[in-house]
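Naming: A, B, ... by sequence-line order, numbering from 1 per chain.
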There are 2 protein chains.
Amino acid sequence: MIELEQLQHLITFQECETLSKAAKQLHISQPVLTRSMQKLEEELEVSLFTRTKNKISFNETGLLAASLASRLLEDTKDMKKQLQDFERKLHTFAIGSCAPAPLLYMGQKVSQYYPQKALLTEIKDMSILMKGLKEKDYIIIIMPYNIEDYDIESIPFMEEQLFFSLPLSHRFANRKSISLKEMDGERMLLMSNIGFWHEMHQRTMPHTKFIIQNDRSIFYDLVELSSLPSFTSDYVMKTETMPQNRHIIPIEDKEAKATFYCWYLKENEIKLKSLLYHL
Amino acid sequence: MIELEQLQHLITFQECETLSKAAKQLHISQPVLTRSMQKLEEELEVSLFTRTKNKISFNETGLLAASLASRLLEDTKDMKKQLQDFERKLHTFAIGSCAPAPLLYMGQKVSQYYPQKALLTEIKDMSILMKGLKEKDYIIIIMPYNIEDYDIESIPFMEEQLFFSLPLSHRFANRKSISLKEMDGERMLLMSNIGFWHEMHQRTMPHTKFIIQNDRSIFYDLVELSSLPSFTSDYVMKTETMPQNRHIIPIEDKEAKATFYCWYLKENEIKLKSLLYHL
DNA sequence: ATGACTTACGTCTAACGTAACAATG
DNA sequence: CATTGTTACGTTAGACGTAAGTCAT
C-alpha cells in the first residue's frame, strides 16, 4: 500500500524542482527521497519520472500523479479536521438565543445538569437561530414565540417584562406606568448585544437616540451617574443589584413583555430530558 | 502523518467487529491492531472508541471516521488505476475506423513509424469514433468523408472500390458491371465487423439475405466452395490471393466507392508528423 | 569543481510477534 | 475457561544517514 508520506514527498519534490532542495525542506537526507520516489513508482506500478545519470524530472504521468496526490492529501487533512469538529460538537452544548436574559438562565441550567459538557452560548438573529437549529449547530435555541412543527418541539420556560429606569428628576419619574410612544424622542442608554429587543426598540421608538454601550460595568456606571433614561427588566432586577437613584416604571405596551420558548429537534428529546424536566 | 494502512485496519475492524478477528483477516498479530488503533487516535487527535477492559467498540466519531476512511481508501485505489490507465494511453497508438481496409493500411504505417508504441485498432460506429476522438480515446480515426472543423484536421489517404465476387455459373458472371439494385434479393456471403459497409449493404440491398461469417478463413473457404455471391474490393485483392473460381465484377453505384479520411485533433499534429508525412 | 542523483553500507529505531496479564460472561 | 483487549519484552526487518560513485555543467 502506498503511504501518504510518499505523496507528500512527491509534491514537495514538485515544488522544489530537485530532490536535494526537497530533502532540505523535508528535513531528511537526499537518498531517502530517491528511495521514496522509487518505491512510489513500484507501488503505483507506473513510471513517474525521466531520469538521466544526474537529473530526475517529472514525466506526464508524474505530473498527473502530483496533482492527484495533492488532492488526496487535502482530503486527509479535511478528514482530520472534520473528525475533530465532530468530536468537539459531541462534547459541546450549544445554545442560541434571541435575547440575553433567557440565555443566562438556560446557561445556568445546562451547566448544572450537563457539567461535563462545554457550553457555547450565542445571541443571534432569529433567522440564523432557525438555520442553526436545523443544521444542528445548536442543540437548543431560545425564541420569543411558539412554533408547531413536525421536527421541532417548543416549550415556554420564562417571561421577561421590560421597565423604564428613570432618574428621579425625570418628568415621568412618578408615573405608575408609561408607554413606549410617550418616551419616544429622548436620548436613552442601551446595552449592545441584546438580541431581538434591539429591533423592538428601534421599531417602537423611532425618534429616540440610543447611546449604545457594550461594556456592562460601564453601562451600570452610566446608569448611576448620568441622567439618561434606560431600560431594565424583572429578570435583570432579580439578578443584579438595583440602582438607588432610579425610579422603575412599568412599560404598558405588550411589546415590552416577552415569553421565551425553548426550541429543540424532537430527535434530541432523550438527550435533553434531564434538562427539560427541570425547566 | 496518518498512514493509509491504519485506515485499512480501521475499516477491517469495523467489518470484523472484534480486533482478534480483524487481525486474522489482515494476517497480523492482534497486539499490532491494538497499537495501530491507538496510534490512529493519537494522530487524528480524537477518540474513536469506547473501551472497557476486554471490549473495544466504535463511538460516534469512530463510525464517522470509518466512513471517511473508506472513501479515502477508494480514492487512493482510483488514483492508482487512473495513473495506470493514463500511462497505458501514453504508450498506445489508438486508431478507430469505420471500415477494415483503411484500418489495416493505417495500422501497418503506424507500426512502421511508431514501433515502440502499442497499437490499438477498433472498428466502431462513426458516432462513437467522433466521440472517441474528442475524448482522446483515439489519436486518429478513419472516416469515409471530409470535415471542416476548428479542432480537427482531416486528410484523405486512400480509396476503396467494392466489387461483386460471383461464381462462374452466376447469371451475371460475364457482365462488365452490375448495380447493387440488380443483385438485390439473392443470398450473399458477408464478413462481419466491416464497419459502415454493413449499413450500406442493408440500405442499398434491403431484400438480400446476408449470411454473416465472422471467421475470415472460414469466409474464404466458403467463397471457394460455395456458389454464393460475395463482395470484395480493390484493397482486398491487392493484399490477399484472389479466388480462382470467381468472376470479379465492378459495382456501378457511387456507394460502392469510398474515400477514407484520416481525422486527428490539430493539437496532435506535431506528434503525428512522421506518420502524416508518409501517408 | 560544484552540484546533481543513485548505490553501498553500517547503525539503530521502531514495528513485529510471543507471552504474560486482566477482565468478562 | 474460553475469549477479548492491553501491556511487556526480546528480536529483527527495514529505514535512516554517511559516504562513495558517476555524471553533467
Regarding [X] and [Y], does a basic nitrogen lie under 4.0 Å from an acidic carboxylate oxygen?
X      : Y      : result
A:E60  : B:K89  : no
A:D137 : A:K131 : no
A:K81  : A:D78  : no

Original post:
If you look at every strand shown and take non-hydrogen atoms under 4.0 Å, does B:S29 touch a base, only sugar-phosphate, or nothing?
Top reply: base
**OP:** Using a 4.0 Å heavy-atom cut-off across all strands, classify A:T18 as base, sugar-phosphate, or nothing.
**Re:** sugar-phosphate
Original post:
With a 3.5 Å cut-off and no angle check, do the side chains of B:S127 and B:D125 form a donor-acceptor pair?
Top reply: no
Original post:
B:T259 and B:Y145: side-chain donor and acceptor closer than 3.5 Å?
Top reply: no
Hey, what are the protein-to-nucleotides 7-14 of chain C N/O distances that come in under 3.5 Å?
from	atom 1	to	atom 2	distance (Å)
C:dT7	OP2	A:Q38	NE2	2.9

Value in whole Å for how far the [atom2] atom of [N] lies from [atom1] of [X]:
X     : N      : atom1 : atom2 : result
A:E17 : C:dA4  : CD    : C1'   : 14 Å
B:F49 : D:dT6  : CZ    : P     : 9 Å
A:F13 : C:dA4  : CZ    : P     : 12 Å
B:F58 : D:dG5  : CZ    : C1'   : 14 Å
B:K21 : D:dG5  : NZ    : C1'   : 14 Å
A:I28 : D:dG17 : CD1   : P     : 7 Å
A:E41 : C:dC5  : CD    : C1'   : 13 Å
A:Q6  : D:dG14 : CD    : C1'   : 14 Å

Subject >> Aromatic ring pairing B:Y113/B:H278, orientation class (parallel under 30°, perpendicular over 60°, tilted between) >> reply: parallel
Original post:
Between B:Y105 and B:F157, how do the two ring planes meet: parallel, tilted or perpendicular, split at 30° and 60°?
Top reply: parallel
**OP:** Could you grab the distance from atom CG of B:L63 to atom CZ of A:F86, nearest 0.5 Å is fine?
**Re:** 8.0 Å
Tabulate protein N/O versus nucleotide N/O from nucleotides 21-25 of chain C, keeping only pairs under 3.5 Å, one per line.
from	atom 1	to	atom 2	distance (Å)
C:dA23	N3	B:N54	ND2	3.1
C:dT24	O4'	B:N54	OD1	3.4
C:dT24	O4'	B:N54	ND2	3.2

**OP:** May I ask you to test the B:Y235-B:F260 pair for a side-chain heavy-atom distance under 4.5 Å?
**Re:** no
